[in-house]
Amino acid sequence: MEVSVSFSLCRLSKSHSQFSSDSFTFLRNWKPPSISRQNSIALTPIRVSNDDFILEDVPHLTHFLPDLPSYPNPLQKSQAYSVVKRTFVSPEDVVAENVVIQKEGPRGVHFRRTGPREKVYFKPEEVRACIVTCGGLCPGINTVIREIVFGLNNMYGVQDILGIEGGYKGFYSKNTMMLTPKVVSDIHKRGGTFLLTSRGGHDTHKIVDNIEDRGINQVYIIGGDGTHKGAALIYEEVKRRGLQVAVAGIPKTIDNDIAVIDKSFGFDTAVEEAQRAIDAAHVEVESVENGVGIVKLMGRYSGFIAMYATLASRDVDCCLIPESPFYFEGRGGLFEFIEQRLKENRHLVIVVAEGAGQEYVAAEVNAEDKKDASGNKLLLDVGPWLSDKIKDHFTMSQKMTVNMKYIDPTYMIRAIPSNASDNIYCTLLAHGAVHGAMAGYTGFTVGPVNSKQAYIPIARVTERQNTVKLTDRMWARLLASTDQPSFVASDQETVEKEIMQI
Ligand SMILES: Nc1ncnc2c1ncn2[C@@H]1O[C@H](COP(=O)(O)OP(=O)(O)OP(=O)(O)O)[C@@H](O)[C@H]1O
Ligand SMILES: O=P(O)(O)OC[C@H]1O[C@](O)(CO)[C@@H](O)[C@@H]1O
Ligand SMILES: [Mg+2]
């Protein structure tokens, strides 16, 4: 058996005495070698491999506090959980990143399965937890907050839970609020975040000073890719100071751009809400001559909301997303397509993701680059620009007068409470995070991988963003359903298009 462990800058060889022939015994017994602080690589996941089996593990408090005592999990005495066939998740349970594999191919990467462990590394009466929400809104944030509070309280008897107000900067600029089951019992029925949120203001040292001063030992951080980069820095600083503080991330983003996980919470709710805007656009344009409806949906760098909203609706004629460049003029261009559809149906609906066509808007609008407080590029408004472009084209070419109806439901799709299935999803995430922190895991995020909840190293969700793959079947399904141009010109078409533009 060959075993390679890349954690920090070390590599263990075959001859290392703690390895047995059984990879799972190995997983159970494996402890990372003590590492010097200088050698620590902030975001490198712990990778344990045995032949073609790879476990990308998450850190544990005992990796840097080896003498930490453990206690029996109080769930052992829980009336509700005692009926479960296997109350505790075995350390051997892992979740495969790839479920579609070739018979002779490698088994690939695995993550630890979430759930309660036999031993916990905190006495419930000594836990002081805190919850913070950062970045943009998303349906379901309040459900996650509620379920962390209920999970800690009902399952583990934890009573001391603090809410950090207004995102990362709230750690050092605001007072905390006490979160009890009573305080949060109804919040899942509301959109937004009960704790308020913000962009910017991540100051690792000030945050960890505050964690230390307040005696907080479990930190639950709800946010997107930016938030998770911040969470990784908090984890690193906690480890550097040798604090017994578990840092757990819960991935949140309306754009569904977080890597590894199946999808982010609130996404389904947002897609559902987007249907209302698309329906309205369709009704409007169906009722007039040459009606063109444009609906702008969120999606900074990824067009998932636009793609799923389009596929769900079936009333959309064309979907424009950031991943798929498009063009207006010539064969296979947007103007030609609009003209054809208007001749055939007398109306059409276009769904455009806010990040689509940014380079064209920038070239024409000549606006300076602006960023939000977190450093995210502020996008130019593609919706009105696209509406004007289409109107101007048909007016100038005198081919027909289009009746433009532009709808921008941007914030409406993310400011609503989560639907039933997102509520359940949020509960699984929150409970997974609680079980993980109580079991001493830290520097992790949680999420469904092939429908099974897993503990995922934070680095895996910050190293890249998830985008729509134009070569995947889902985009092909969309193209087949709308019958829009693929905007991928064949060589001959490219040549002709270039000739036409000269
Ligand atoms: N590279 C980074 N290092 C440390 N903190 C960061 C980093 N990037 C972002 N943050 C912090 O994380 C918080 C949220 O970041 P951001 O505004 O980018 O939202 P997000 O978590 O990516 O969510 P959304 O999906 O809404 O974009 C902010 O307080 C920001 O300061
Ligand atoms: O809340 P803000 O800062 O206006 O952010 C809007 C952005 O946030 C997102 O919803 C991601 O959270 C993007 O889709 C959108 O561009
Ligand atoms: Mg982000």
Side-chain angles (χ1 to χ4, degrees), residues 42-43 132-141 144 164-174 191-193 195-208 219 221-237 247 249-259 261 263-267 269-271 273-274 296-309 321-322 352-356 358 361 370-383 408-416 445 447 458-459 461-468:
L43 291 171
V132 64
T133 58
C134 311
L137 291 184
C138 177
I141 299 178
V144 177
I164 307 293
E165 276 192 83
Y168 277 135
K169 62 178 81 145
F171 272 104
Y172 53 85
S173 65
K174 294 248 170 95
T193 161
L195 295 175
L196 312 185
T197 186
S198 67
R199 297 193 189 271
H202 179 99
D203 184 324
T204 314
H205 283 94
K206 278 197 202 170
I207 293 169
V208 179
V219 183
I221 304 175
I222 306 169
D225 57 335
T227 305
H228 276 77
K229 285 175 193 159
L233 295 175
I234 294 173
Y235 156 71
E236 279 297 324
E237 183 58 19
V247 179
I250 295 102
K252 166 230 60 97
T253 169
I254 197 68
D255 291 352
N256 196 32
D257 59 2
I258 294 181
I261 62 171
K263 78 179 153 194
S264 46
F265 72 82
F267 176 73
T269 305
V271 168
E273 186 65 12
K296 187 183 81 174
L297 296 175
M298 279 193 171
R300 225 197 287 252
Y301 303 110
S302 65
F304 287 106
I305 299 176
M307 177 170 83
Y308 277 80
I321 59 170
V352 59
E354 61 178 340
Q358 284 294 307
V361 195
K370 286 197 189 144
K371 295 198 163 143
D372 70 14
S374 295
N376 300 304
K377 194 171 172 335
L378 284 176
L379 299 181
L380 300 166
D381 200 343
V382 66
D408 181 350
T410 307
Y411 290 104
M412 292 172 66
I413 67 166
R414 68 170 211 191
I416 51 172
T445 196
I458 289 184
V461 298
T462 54
E463 67 194 359
R464 68 174 181 86
Q465 279 178 318
N466 209 12
T467 52
V468 172

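Just follow the structure's listing: the first ligand is 1, and inside any ligand the first atom is 1. If you're wondering where the values come from, they're calculated on a predicted model, not measured in any experiment. Computation of the quantities below employed the complete heavy-atom set of this structure, encompassing side-chain atoms and omitting hydrogens, waters and symmetry-equivalent molecules.
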Tell me which part of Thr204 gets within contact of ligand 1: side chain, backbone, both or neither, using heavy atoms under 4.0 Å.
neither
With heavy atoms and a 4.0 Å threshold, my read on which part of Tyr301 contacts ligand 2 is neither
Using side chain to side chain donor-acceptor pair (under 3.5 Å) as the criterion, list what pairs up with Thr253, not counting sequence neighbours.
Asp257
Using the side chain to side chain donor-acceptor pair (under 3.5 Å) criterion, which residues pair with Asn466? Sequence neighbours excluded.
none
Counting only nitrogen or oxygen atoms and a 3.5 angstrom limit, does Tyr168 reach ligand 1?
no
Only heavy atoms count here, so choose which of Lys252, Lys377, Arg414 is nearest to atom 9 (C) of ligand 2.
Arg414
Would Gly200 count as a contact of ligand 1 if the rule is a heavy atom under 4.0 Å away?
yes
Should you measure from each heavy atom of Gly226, which atoms of ligand 1 turn up under 4.0 Å away?
6 (C), 7 (C), 8 (N), 9 (C), 10 (N), 11 (C), 12 (O), 15 (O), 18 (O), 20 (P), 21 (O), 22 (O)
Contact atoms of ligand 2, heavy-atom distance to Met298 under 4.0 Å
10 (O), 14 (O)
State the count of protein N/O/S atoms located less than 2.8 Å away from the Mg ion (ligand 3).
1
Ligand 1-proximal atoms of Lys169, by part, heavy-atom distance under 4.0 Å
neither
Ranked by distance from atom 16 (O) of ligand 2, the top protein heavy atom is Glu354 OE2, 2.7 Å
Which pairs would a plain distance check flag for residues 299-307, meaning a side-chain donor or acceptor within less than 3.5 Å of a matching protein atom at least two apart in sequence or in another chain?
from   : atom 1 : to     : atom 2 : distance (Å)
Ser302 : OG     : Asp255 : O      : 3.2

What residue and heavy atom of the protein are closest to atom 2 (C) of ligand 1, and at what distance?
Lys229 CB, 3.6 Å
